[in-house]
Every structure is written in C-alpha cells, then in structure tokens.
Amino acid sequence: MNVTVLLFASYADALGRPEIELALPAGATVRDAVRHIGALPGADRVPPTPLVAVNQRYASLEQPLAQGDELALIPPVAGG
Amino acid sequence: MNVTVLLFASYADALGRPEIELALPAGATVRDAVRHIGALPGADRVPPTPLVAVNQRYASLEQPLAQGDELALIPPVAGG
Amino acid sequence: MRAAIVETPLDGANLLREVSAPANGAAILFIGTVRDVNDGRAVTGIDYSAYSAMARRELESIVQEASSRFDTTHVVVEHRLGTLDIGEASVAIAVAHSRRAAAFDAARFVIEEIKRRVPIWKREHYSDGAREWVDPTRATGRGVVETSPADAGDEPTNSDDREPRAARTPGA
Amino acid sequence: MRAAIVETPLDGANLLREVSAPANGAAILFIGTVRDVNDGRAVTGIDYSAYSAMARRELESIVQEASSRFDTTHVVVEHRLGTLDIGEASVAIAVAHSRRAAAFDAARFVIEEIKRRVPIWKREHYSDGAREWVDPTRATGRGVVETSPADAGDEPTNSDDREPRAARTPGA
C-alpha cells in the first residue's frame, strides 16, 4: 500500500523535502513507516519516535496504516 | 470643628441630599459623625456602620476627624 | 500606566495600542459591558455615578499595585460614568506583558479590585420603568437574605488589602 | 463560534465585535505578538508555517471544547501564518460571556491549547542573520538540556486530552 508522509519545519529541512511517498506491506503501522523514514539521509535530525498524525489527527505509533493514508511527522509545535 | 459629609447613590437618595455640613466637638471620630447622620430623617435606609472614607481614603470608624475633613459614606460599590 | 474616569465611549483598541511595546508577547483587553438582563429582570440601561476624586485615586492605586505585583508598566484602565445603553462598555482594561500568564493575571486583578473597592455605583433602568441602585452585597434572586445590623462589626480595616465590608441593610 | 488560519493582519477589534451580544457582561481579547527578544537573542521577525488542514481542524476543535466547557458560543480565534514583524499579532482570541471569570478562563484555555497541540511552527530571524526553528520543548538559555532518546516512550496517546509528547532530540 502507498502512504504519503508529510514533513514540516525542522523535519522538512532535515530530509530536504516536504513530502515522501512510501510503499509499505499490508498491515504496516505508523512505527513501520517512521522506521523507513529514519533510514533516509538527514533523518538523524528527526527523533526516532516523533509525534505523528494520521489523516490530520494525532495518532499512536501502533496505529495500522491503510492505502492512501496521510501520515504527518509533527515537530514540537510552537503556535500562538 | 466643621466636617463635610458626602453622600452618594442610595444614601444620597435616602437623605435627600448629596452633602451635609456637620459641626462637631474637637476629638470627634468618624463614628460620632455617623451617629449624627443616623439621627436625620431618612437615615433609617443607611446602615448604622457604613463603609466610610476620610479625605478620599477608606477609614476606620474610630479615626479622629479634623477641621475641614471630607467624610464620605460609601454605599456598596458596584463598579466594573 | 494610566487610570481614568471618563464620560465618553470607551475605545478598547486605543487602550491596546497604548500598552503595546516590542518586548511584549501578550496583550489582554478586558471589556465590561451593560447586560440586558440582571438578576432575572430586563434591563434597558444603567446610570454609572462615582465619588469621582476618590474613584480616580483608587483606580490609580490599583494600576500601580498591578504594575508592581505583575512586573509590567503596560497597564491602563478607563471607567466610564453616565447613562449607558445595553452593550456599551463601562470599563476597559488593557495589559501587555512579555508572558501571557502575567498578562491574564494582571487584567483579572484589576477588574476584581475595581469591583471590590472603587467607589462607583450603578442604577439600573428596568423595562417596567423602575430604577434601582445595584447592591452587590445583597443576595440575588427571590430569596433576598437580610442580615442583622448586629452582624456588622465596627472596624473597617484600612490596611493595604482592606476589603470594603458589606454595608448591611437593617432587617427590613 | 469560529476558528480560522489567515495570512493577513489580524484585527482584534473586529473579533470583539463578532462575539458581542446583549446578554454578555464581559469580553476578553487576547493578542499574541512577536517579541523583539527571545531567549536572550535579538529577534527581527518570525515566519509562521503550519500543517494547515490539521491546524484548522485542531483550532476548530479547541473552540468547540471551550464553548462546551465554559458554556458560551461567543468564542472566535484567528491564527496568522507568514512572515511577521516585531509587534505584529500572530494570534487573536475573543471570548464574551455573561460572567467575567468564565470569559477569562475560556480565553486562557484557548491559548494554552493552541500552544499545546495546534501544528504551527515558527522560525525566528535574528539580528545576526541566522534563522532557527523554535522548539519550546528544549530548555532555553545557555544550559540546553538534551534528553536521551531512551527517555522517549513509544505511545503518544490519542485520547481527548492527549498531549503532544516532546519530540526528543538525540543527544547531540
């Protein structure tokens, strides 16, 4: 299945892009996707267990992913 | 000595005027002035121990008065 | 830092501009307005009156206390007197601070102290034509509680955190 | 009740007008502005960016939570994105209520929740030309505390009062 990973702020800077398409086996979880991202060049500046959102809602690393999901890695927020 | 007593809001309505001049013996306290006011027609609608200010500062009933002092009887405040 | 008693409409946006400064990350504007219902009665307007000289002095002292307690000189307050319609602002308080918690706390302090000790009174106009002085020390609603004069002590304090004691109404 | 992410200057007075209603006795406007100094460094401006769709959703959910928790529909918030100068407003929150305590508490709730969970980021511009993403989870000042990755648990909650866990930076 295909999942879109969105990167923002310092994480987008670290990986040099705002978005990555991942092909994952059926049954993969958020944690599996995050491990894939962690193997990319520049990922040493992204924590191994970042805050994440799936389809615009905060999610657990154990959440199973589905075809077409939008997974976002959320750097420490600084709004206000 | 002469003291000016200021009345406001419901107290001014009760006594029918905003200001009363009192002539008091030397050594009189706020409490003595308040007793004089309490004997006037309409004073039954003023509490026997109202909140008071002398020369624009909250004061105790035991405070001695001086010639020319401005004594105010302060109804329950309702600003804001 | 400024406190004023005015007889013209209040402009909150102006007060906010007055407290703004590059070092401030947070600004609060509090506006008190005339409500159309109080204590279950339909209100059509309010007359605000004051012991003006003392009210100005107390407002200034509140602003100074807020400034030293919350460590900011960016505090202004204006209280309006006269006859106000529903929705009109009777009081406006603006505070700016480098930290938001202090800005909130300072604005809250100023309005609570105004209600506690500034000699201002209001007479509500009701839809039936009646007009009455508002006494916040009386219980509201049907069950008006009258306390006996014997409950009232004799010693209003005049320390820094003096609290105007409720003037008790004699048992009616 | 309204929440918006905008890219144009905020107008707090407009938000106050939007929440005003005859039954309200108190209105609060909170404005967050860009400070000229942060953590001891001279700041010249800030770029605000967001995961816009999720930020809008979280802002809306915060406004709804404030509304039900504090019992008023008169809550609006706008957060600005883009490059802001010193003194410009990044966020404006207006709340009106019949009771002032609830108005203060609701406005405070909204800004605290925004800071806790709305996916918005800021990159400060410093007077020496440097630009850095602000990480509120890092200790400030000279003694930056780095926590080990082993401190970071694996289970961000997604309950209603989830709290985005600090994303730990690997020991540098």
Side-chain angles (χ1 to χ4, degrees), chain A residues 3-20 28-66 68-80, chain D residues 5 30 32 46-59 61 77 79-81 90-91 93 110-124 131-138 147 149-159 162-170 172:
Chain A
V3 167
T4 302
V5 181
L6 301 182
L7 302 165
F8 298 96
S10 60
Y11 297 176
D13 285 358
L15 287 149
R17 46 192 162 161
E19 193 172 324
I20 295 171
T29 63
V30 168
R31 185 187 300 278
D32 297 322
V34 168
R35 278 207 195 96
H36 273 82
I37 300 294
L40 298 175
D44 55 307
R45 287 186 284 146
V46 174
T49 57
L51 195 65
V52 296
V54 174
N55 299 330
Q56 304 170 13
R57 294 179 193 278
Y58 285 109
S60 149
L61 288 172
E62 310 318 323
Q63 182 165 325
L65 291 167
D69 273 355
E70 180 178 285
L71 169 64
L73 307 197
I74 311 279
V77 302
Chain D
I5 303 281
F30 173 86
I46 294 185
D47 300 323
Y48 278 91
S49 61
Y51 181 8
S52 294
M54 182 174 168
R56 190 173 308 114
R57 183 198 284 272
E58 287 290 327
L59 271 188
S61 133
V77 55
H79 200 298
R80 184 174 168 193
L81 301 181
S90 53
V91 63
I93 299 162
V110 171
I111 185 62
E112 298 303 330
E113 289 298 297
I114 287 172
K115 293 196 173 261
R116 198 171 71 81
R117 66 192 235 211
V118 179
I120 291 178
W121 301 279
K122 59 185 178 190
R123 189 169 53 171
E124 290 180 334
R131 298 184 173 200
E132 281 178 24
W133 293 104
V134 173
D135 180 352
T137 67
R138 289 171 64 126
T147 58
D151 293 344
D154 282 350
E155 301 280 334
T157 64
N158 57 0
S159 71
R162 64 188 173 277
E163 173 145 11
R165 195 135 32 86
R168 266 65 163 209
T169 51

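We use all heavy atoms of the structure for the numbers below, so side chains are in, but hydrogens, waters and symmetry mates are not. Proteins come first, then strands; the chains are lettered A, B, ... in the order of their sequence lines, and each starts at number 1.
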Open item on the list: If you count heavy-atom pairs within less than 4.5 Å of chain A, which of V118(D), I93(D), V77(D) leads?
Closed with: V118(D)
TODO: Check whether any side-chain N or O of H79(D) sits under 3.5 Å from a backbone N or O of G79(A) as a donor-acceptor pair, and report yes or no.
DONE: no
- [ ] Kindly compute the distance separating CD (E132(D)) from OG (S10(A)), expressed to the nearest 0.5 Å.
- [x] 11.0 Å
Open item on the list: Using the rule given for side chain to side chain contact (heavy atoms under 4.5 Å, CB included), can you reason through R57(D) versus R57(A), listing the C-alpha separation, both sets of side-chain angles and the distance that settles it, and then say yes or no?
Closed with: CA-CA 9 Å; R57(D) 183 198 284 272; R57(A) 294 179 193 278; 2.6 Å; yes
TODO: Flag the pair Y58(A) / P119(D) as yes when at least one side-chain heavy-atom distance between them is below 4.5 Å, and no otherwise.
DONE: yes
Task: 4.5 Å side-chain heavy-atom contact, I74(A) and W121(D) - done: yes
Task: For I114(D) against G80(A), the heavy-atom pair lying closest together - done: CG2-N, 3.8 Å
- [ ] Would you name the heavy atoms of Y51(D) and A72(A) that are closest together and state the gap between them?
- [x] CE2-CB, 3.3 Å
- [ ] Under 4.5 Å heavy-atom distance to chain A, tell me which part of A55(D) shows up: side chain, backbone, both or neither.
- [x] neither
Task: Distance-minimising heavy-atom pair for M54(D) and Q56(A) - done: CG-O, 3.3 Å
Open item on the list: Which atoms of N55(A) are under 4.5 Å from chain D, going by heavy atoms: the side chain, the backbone, both sets, or neither?
Closed with: backbone
